[in-house]
Amino acid sequence: MAHGTARIGKDHYRTEINVGGHDLISDEGPGLGGQNLGPAPYDFLLAGLGACTAITLRMYADRKEWPLESVDVGLRLVNKDGLRVDRVLTIAGLDDEQKARLADIAERTPVTLTLKGGLPIDTRLA
């Protein structure tokens, strides 16, 4: 399964992340005291959801041998009547029935199901 680390020092709020052998930087924007050196934590959440959605839809279309040209996944975190994600799929190369099927599949991608179902987090001191 996935493995990662995050480390913050005295810099406000630059965080060094390593996930799956890839080094990333996270930060907050100036409005929250950061320097905007990288995506904020919720940006990474949206990135994971977007990547999982796009990859899953590409895999499905490839298995069906559909002529999918591209999938754009627009994501926005909305805080209206509770926090939620607004996801918009723009699909090129397919007919309406195939697009509808991919929209249905998007509701059941691994990251989508994890977010919708909640994820227990166990925290302990080293």
Side-chain angles (χ1 to χ4, degrees):
M1 289 300 303
H3 173 77
T5 61
R7 183 178 190 284
I8 191 167
K10 294 185 180 191
D11 295 329
H12 293 272
Y13 291 100
R14 184 182 184 277
T15 303
E16 298 170 1
I17 300 167
N18 183 283
V19 179
H22 300 280
D23 293 323
L24 307 167
I25 299 295
S26 182
D27 198 359
E28 290 289 354
L32 294 175
Q35 298 177 36
N36 201 33
L37 298 173
Y42 275 116
D43 296 331
F44 280 112
L45 180 91
L46 292 179
L49 177 61
C52 184
T53 301
I55 290 167
T56 302
L57 298 185
R58 167 52 69 191
M59 288 176 168
Y60 186 87
D62 287 351
R63 274 196 304 274
K64 294 290 189 177
E65 298 182 357
W66 289 351
L68 177 65
E69 293 174 16
S70 65
V71 174
D72 292 332
V73 183
L75 297 161
R76 190 178 69 193
L77 199 60
V78 178
N79 193 1
K80 182 179 179 184
D81 301 324
L83 198 59
R84 66 179 183 83
V85 174
D86 182 32
R87 175 170 53 188
V88 178
L89 304 176
T90 304
I91 300 169
L94 302 181
D95 64 34
D96 289 343
E97 186 177 317
Q98 291 166 326
K99 289 177 184 181
R101 180 68 179 139
L102 289 187
D104 180 56
I105 295 294
E107 289 299 316
R108 291 179 274 117
T109 70
V111 173
T112 299
L113 293 176
T114 298
L115 292 173
K116 285 183 174 186
L119 179 67
I121 299 174
D122 299 321
T123 303
R124 64 184 181 283
L125 294 173

One pair to check against side chain to side chain contact (heavy atoms under 4.5 Å, CB included): Leu115 and Leu45. What are the steps and the verdict?
CA-CA 10 Å; Leu115 292 173; Leu45 180 91; 3.7 Å; yes
Result block: side-chain N/O donor-acceptor pairs under 3.5 angstrom for residues 5-19, not counting sequence neighbours:
unit_1	atom_1	unit_2	atom_2	d
Arg14	NH1	Glu16	OE2	2.9
Thr15	OG1	Tyr13	O	3.1
Asn18	OD1	Gly21	N	3.4
Asn18	ND2	Asp23	OD1	2.7

Where Pro41 and Glu28 come nearest, the two heavy atoms and their spacing
CD-OE2, 3.5 Å
Once you round to the nearest 0.5 Å, how far does CH2 of Trp66 lie from CZ of Arg58?
12.0 Å
Backbone of Ala40 reached by a side-chain donor or acceptor of Asp43 within 3.5 Å
yes
Are the side chain of Asp27 and the backbone of Gln35 linked by a donor-acceptor contact shorter than 3.5 Å?
yes
So, for Phe44 and Ser26, which heavy atoms are closest and what is the spacing to 0.1 Å?
CE1-CB, 3.5 Å
What side-chain donor-acceptor pairs closer than 3.5 Å can you find for residues 75-91, not counting sequence neighbours?
unit_1	atom_1	unit_2	atom_2	d
Arg87	NH1	Thr53	OG1	2.9
Arg87	NH1	Ala106	O	3.4
Arg87	NH1	Thr112	OG1	2.9
Arg87	NH2	Ala106	O	3.0
Arg87	NH2	Glu107	OE2	3.4

Answer yes if Val71 and Leu94 sit in the same cluster of Ile, Leu, Val, Met, Phe, Trp and Tyr residues linked by side chain heavy atoms under 4.5 Å apart, and no otherwise.
yes
Under 4.5 Å between side-chain heavy atoms, hopping through other hydrophobics if needed: is there a path connecting Val111 to Leu46?
yes
Can you tell me how far the CD atom of Gln98 sits from the NZ atom of Lys64, to the nearest 0.5 Å?
10.0 Å
OG1 of Thr109 to OH of Tyr60, rounded to nearest 0.5 Å, is 14.0 Å
Counting neighbours of CG on Leu125 that are heavy atoms of other residues, nucleotides or ligands and sit closer than 6.0 Å, is the number greater than 12?
no
